[in-house]
Every structure is written in structure tokens, then in C-alpha cells.
Amino acid sequence: QLQLVESGGGSVQPGGSLKLSCVAYGFTPDYHGMDYHAIGWFRQAPGKEREGVSCISRTGDLTKYKDSVKGRFTISRDNAKNTAYLQMHNLEAEDTAVYFCAAAESTHCIIEHDDWYDYWGPGTQVTVSS
């Protein structure tokens, strides 16, 4: 079973930065590890639906971003470390949410639909407040 664990969340002031990590453990029933999977970052604010923030293909050659985070967030991955990252700069109060990473066995990635992803981490809280 592929398991994902996020870390790096916390509380920052507006304009601050955080770097989230998503570590993958284990394999799928077909013995496929993280390097077979696209990774997506999603977030859910209180009282709102979960939304896609960014995603990266399994080789890292394709990345996508939600419009409101373009230029502020950068997604990356290191398959040798079974880890994906979300570097967040110039954080805004509207970025406050629980952030989740997700994995799907595919050559591309999407952020429009969370049900496309098969594996999810438990989430990490990001709070942006003065």
C-alpha cells in the first residue's frame, strides 16, 4: 500500500514562506513506487470544498498551478528520496487551509478533480495570520 505523509505546515505571517514535503512509503499492489505516480497538492479551508493547488508529473517535466498561486508556489520532486515538495512564498491569509498531497499512477497530472487521485496523505495545517 502506498502511503503519503505531509509535513512542513505551520503558522506564518502574511508575506512569509513555508515548504511542505510529501514523503511516500511503500508500494502499490503492482509494486509501483512513488516514481510511477503523479503528485498533486490540494487544500481545504474551513467551510470550503477541497481544491487543487498544484501537480507534477512522475518525471517532473509537467507542472500545473492554480491561478491564484502562480508565481508564489513552486512544486518539485525528488524521486530518489520518494519526496515531493511545495515551496510557498508570499503567503496570504487566503492560503490558510489544510494541505494534502495525493498520488495517481499516470504520466501526466491534473488539479481539476481530486477523485482522479488514488492515494492521499492525512494533511498538514497551514495558517497565515498577522
Side-chain angles (χ1 to χ4, degrees):
Q1 180 78 358
L2 193 69
Q3 296 183 331
L4 306 176
V5 179
E6 305 93 340
S7 63
S11 296
V12 295
Q13 293 184 339
S17 299
L18 285 173
K19 186 175 185 177
L20 306 183
S21 298
C22 171
V23 180
Y25 299 93
F27 300 92
T28 67
D30 293 332
Y31 300 100
H32 291 166
M34 185 180 184
D35 56 340
Y36 277 76
H37 291 77
I39 299 296
W41 283 98
F42 290 76
R43 66 187 182 187
Q44 187 167 22
K48 295 186 177 181
E49 292 188 355
R50 189 162 57 188
E51 62 178 5
V53 175
S54 183
C55 70
I56 187 167
S57 62
R58 64 186 188 186
T59 60
D61 59 346
L62 171 67
T63 59
K64 295 181 180 179
Y65 296 92
K66 176 180 172 62
D67 285 346
S68 64
V69 307
K70 286 180 180 178
R72 300 189 297 122
F73 291 10
T74 303
I75 192 169
S76 61
R77 66 188 295 160
D78 184 341
N79 286 342
K81 296 182 178 179
N82 292 320
T83 304
Y85 305 95
L86 186 68
Q87 176 70 61
M88 305 184 295
H89 292 301
N90 196 21
L91 283 160
E92 305 169 351
E94 292 73 23
D95 296 317
T96 295
V98 178
Y99 283 69
F100 302 88
C101 67
E105 191 164 339
S106 175
T107 57
H108 67 290
C109 74
I110 67 171
I111 59 173
E112 293 82 3
H113 303 288
D114 60 4
D115 58 359
W116 186 76
Y117 290 84
D118 301 308
Y119 302 95
W120 289 83
T124 185
Q125 177 71 47
V126 171
T127 302
V128 185
S129 174
S130 56

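- Within the model, atoms CG of Asp95 and NE2 of His89 stand 12.5 Å from one another, a figure rounded to the nearest 0.5 Å.
- Contact of the Leu86 side chain with the Ser54 side chain is registered, since non-hydrogen atoms from C-beta on lie closer than 4.5 Å.
- Ring orientation note: the planes of Tyr99 and Phe73 are tilted relative to one another, at an angle of 30° to 60°.
- Cluster membership check: Val69 shares its hydrophobic cluster with Val12, using side-chain heavy-atom separations under 4.5 Å among Ile, Leu, Val, Met, Phe, Trp and Tyr.
- Note on Val128: it does not cluster hydrophobically with Phe42, by side-chain heavy-atom contacts below 4.5 Å among ILVMFWY residues.
- A donor-acceptor distance shorter than 3.5 angstrom exists from the side chain of Glu6 to the backbone of Gly123, with no hydrogens or angles considered.
- For the atom pair Glu112 CD and Lys66 NZ, the distance stands at 10.5 Å (nearest 0.5 Å).
- Judged purely by atom type and a 3.5 angstrom limit, Thr83 uses its side chain to pair as donor or acceptor with the backbone of Lys81.
- Looking at heavy atoms from C-beta onward, Tyr65 lies out of side-chain contact with Ile111 at the 4.5 angstrom threshold.
- Taking the side chain as every heavy atom from C-beta outward, His108 and Ser57 never approach each other to under 4.5 Å.
- There is a path of hydrophobic side-chain contacts, each under 4.5 Å, that joins Leu91 to Val53.
- Here the closest heavy-atom approach between residue Pro29 and residue Tyr119 is recorded as CD-OH, 4.0 Å.
- By the 4.5 Å heavy-atom criterion applied to side chains, Arg77 and Ile39 are counted as neighbours.
- Rounding to the nearest 0.5 Å gives a distance of 12.5 Å between SG of Cys101 and CD1 of Ile56.
- Annotation: side chain of His37 is not in contact with side chain of Leu4 (no heavy-atom distance under 4.5 Å).
- His113 and Tyr117 make their closest contact through O-CD1, 4.0 Å (heavy atoms, listed as atom of the first residue, atom of the second, distance).
- The aromatic rings of Phe100 and Trp120 sit perpendicular, their planes meeting at an angle over 60°, well past the 30° parallel limit.
- In this structure, CG on Leu2 lies 9.0 Å from CD on Glu105, to the nearest 0.5 angstrom.
- Within the 4.5 Å cutoff, no side-chain heavy atoms of Arg72 are placed close to those of Met88.
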Side chain to side chain contact (heavy atoms under 4.5 Å, CB included) between Arg58 and Thr107, intermediate numbers included: CA-CA 6 Å; Arg58 64 186 188 186; Thr107 57; 3.5 Å; yes
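- In this structure, Ser130 and Pro14 approach most closely via the heavy-atom pair N-CD, 3.7 Å.
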Thr96/Arg43 under side chain to side chain contact (heavy atoms under 4.5 Å, CB included): CA gap, chis, key distance, verdict: CA-CA 9 Å; Thr96 295; Arg43 66 187 182 187; over 6 Å; no
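- Scanning both residues, Ala38 and Cys109, for their nearest heavy atoms gives CB-CB, 3.8 Å.
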Worked verdict on Thr28 versus Asp118 for side chain to side chain contact (heavy atoms under 4.5 Å, CB included): CA-CA 10 Å; Thr28 67; Asp118 301 308; over 6 Å; no
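- The CD atom of Gln44 lies 11.0 Å from the CD atom of Gln125; values are rounded to the nearest 0.5 Å.
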Test side chain to side chain contact (heavy atoms under 4.5 Å, CB included) applied to Tyr85 and Thr74, step by step: CA-CA 8 Å; Tyr85 305 95; Thr74 303; over 6 Å; no
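- With contacts defined as side-chain heavy-atom distances shorter than 4.5 Å, the pair Lys64/Ile110 qualifies.
- Rounded to the nearest 0.5 angstrom, Gln87 CD and Ile75 CD1 are separated by 12.0 Å.
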